[in-house]
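Read the structure below first, then the notes.
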Amino acid sequence: MNPAFRRRDLFALSLMVFGLSARALPETDSAEAWGVDYGGTTDPATARRYELLVLEPDFPRPIAPLRGKGSRLLGYISLGEVHADRPFIAELEKAGALRQPNPNWPDARLVDLRDPAWTKMVLDRLIPDILQKGYDGIFMDTLDNAEAMERQDAKRNKGMIAGAAGLVEAIRKRFPAITIMMNRGYALLPAVATQIDLVLAEAMASRWNFANGHYEMTSADDWAWQAGHLLAARQVNPRLTLATLDYWDPQDKATVASLYARERAAGFQPYVSTLALDRLIPEPLS
């Protein structure tokens, strides 16, 4: 889809194709469709209920006990920024591939997604390290940074979105058989929809309000904006799975259940958790 589409165009598109995408997704019964847990003590019995799990791969633990029958496990990888405690950050600094700290997360440095040193590290070391631990693929995060950087300084960061798309394409070319899930990355999604297997809309119907310190619903326009991007990508790649991640207090089971129902009715595969994402929270029983 042309990224110049206006919000009302995206909303109209979402209304047109809701029925198609709803039929395209598999129904789930006792198994949970997908979930995410960045904690280091994932409960194996709970984990085995999920058909797809996104996990933090740097914890020194066996992952075989977390795998259900026929399930897929994806290792988290940040592609648009690097945390200061990563052992390879000095190497990237020397190569000139790092930029300023992320203003929202000062311990993380932005990455120049056009830099060949970063591409080489991702392809030759970071992804192979994840796959060697037994993961079936990767969950790519922070690719939204490309758009933010290009918008902030169009001259210095010209081609950052294209660089991010090129990195995704290089990953698929190097690892053709793995499962690839991308978080948002809407600016490059039209170019890479055929290169990935799943796309995630984070904080689509609900989110954490950092300023006020509470969970809240997103606006109808915000929801439709993300839905439009997802469904446009499905038009490019009919096999693309569309997932959502919403945040809410798990003690409020009625609202959590309504979030699952809303996203599923629109044809998406939902998961609802806390902002910490440090444990698996199964969908409330109806």
Which word best sums up how the rings of Tyr50 and Tyr271 line up, parallel for under 30°, tilted for 30 to 60°, or perpendicular for over 60°?
->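 Rings of Tyr50 and Tyr271: perpendicular, over 60°.
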
Could you label the plane-to-plane angle of the Phe268 and Trp223 rings as parallel, tilted or perpendicular, counting under 30° as parallel and over 60° as perpendicular?
->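 It falls in the tilted class, 30° to 60°.
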
Do the side chain of [X] and the main chain of [Y] share a donor and acceptor less than 3.5 angstrom apart?
X	Y	value
Arg172	Ile178	yes
Glu51	Lys69	no
Ser258	Thr255	yes
Thr142	Leu79	yes
Asn212	His214	no
Asp197	Met181	no

Once rounded to the nearest 0.5 Å, what's the spacing between atom [atom1] of [X] and atom [atom2] of [Y]?
X	Y	atom1	atom2	value
Glu81	Asp144	CD	CG	10.5 Å
Tyr215	Tyr247	OH	OH	9.0 Å
Ile171	Glu169	CD1	CD	10.5 Å
Leu126	Arg86	CG	CZ	8.5 Å
Leu259	Glu283	CG	CD	10.5 Å
Leu280	Asp37	CG	CG	4.5 Å

Should Phe139 and Phe59 be regarded as members of a common hydrophobic cluster, given that ILVMFWY residues are connected when their side-chain heavy atoms come within less than 4.5 Å of each other, either directly or indirectly?
->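 No, Phe139 does not connect to Phe59 through the hydrophobic network.
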
Between the side chains of Ser219 and Asp222, does any donor sit under 3.5 Å from an acceptor?
->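 Yes, a side-chain donor-acceptor pair sits under 3.5 Å.
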
Could you walk me through whether Asp115 and Arg99 pass the salt bridge (charged side-chain N to carboxylate O under 4.0 Å, His left out) check?
-> CA-CA 11 Å; Asp115 196 296; Arg99 295 291 190 82; over 6 Å; no

Show your reasoning for whether side-chain hydrogen bond (donor to acceptor under 3.5 Å, both in side chains) applies to Gln269 and Arg264.
-> CA-CA 6 Å; Gln269 288 193 353; Arg264 192 171 284 130; over 6 Å; no

Decide yes or no on salt bridge (charged side-chain N to carboxylate O under 4.0 Å, His left out) for Asp136 and Arg67, but give the supporting numbers first.
-> CA-CA 11 Å; Asp136 305 296; Arg67 185 185 296 280; 2.6 Å; yes

Does the salt bridge (charged side-chain N to carboxylate O under 4.0 Å, His left out) test come out yes or no for Arg109 and Glu93, once each step is laid out?
-> CA-CA 10 Å; Arg109 295 278 299 278; Glu93 182 80 74; 2.8 Å; yes

Using the side-chain hydrogen bond (donor to acceptor under 3.5 Å, both in side chains) rule, take Asp221 and Trp225 through it: C-alpha gap first, then chi angles, then the decisive distance, then the call.
-> CA-CA 6 Å; Asp221 280 352; Trp225 181 80; over 6 Å; no

How far apart are the C-alpha atoms of Thr42 and Arg279, what are their side-chain angles, what is the distance that settles it, and do they pass the side-chain contact (heavy atoms from CB on, under 4.5 Å) test?
-> CA-CA 6 Å; Thr42 305; Arg279 61 190 173 100; over 6 Å; no

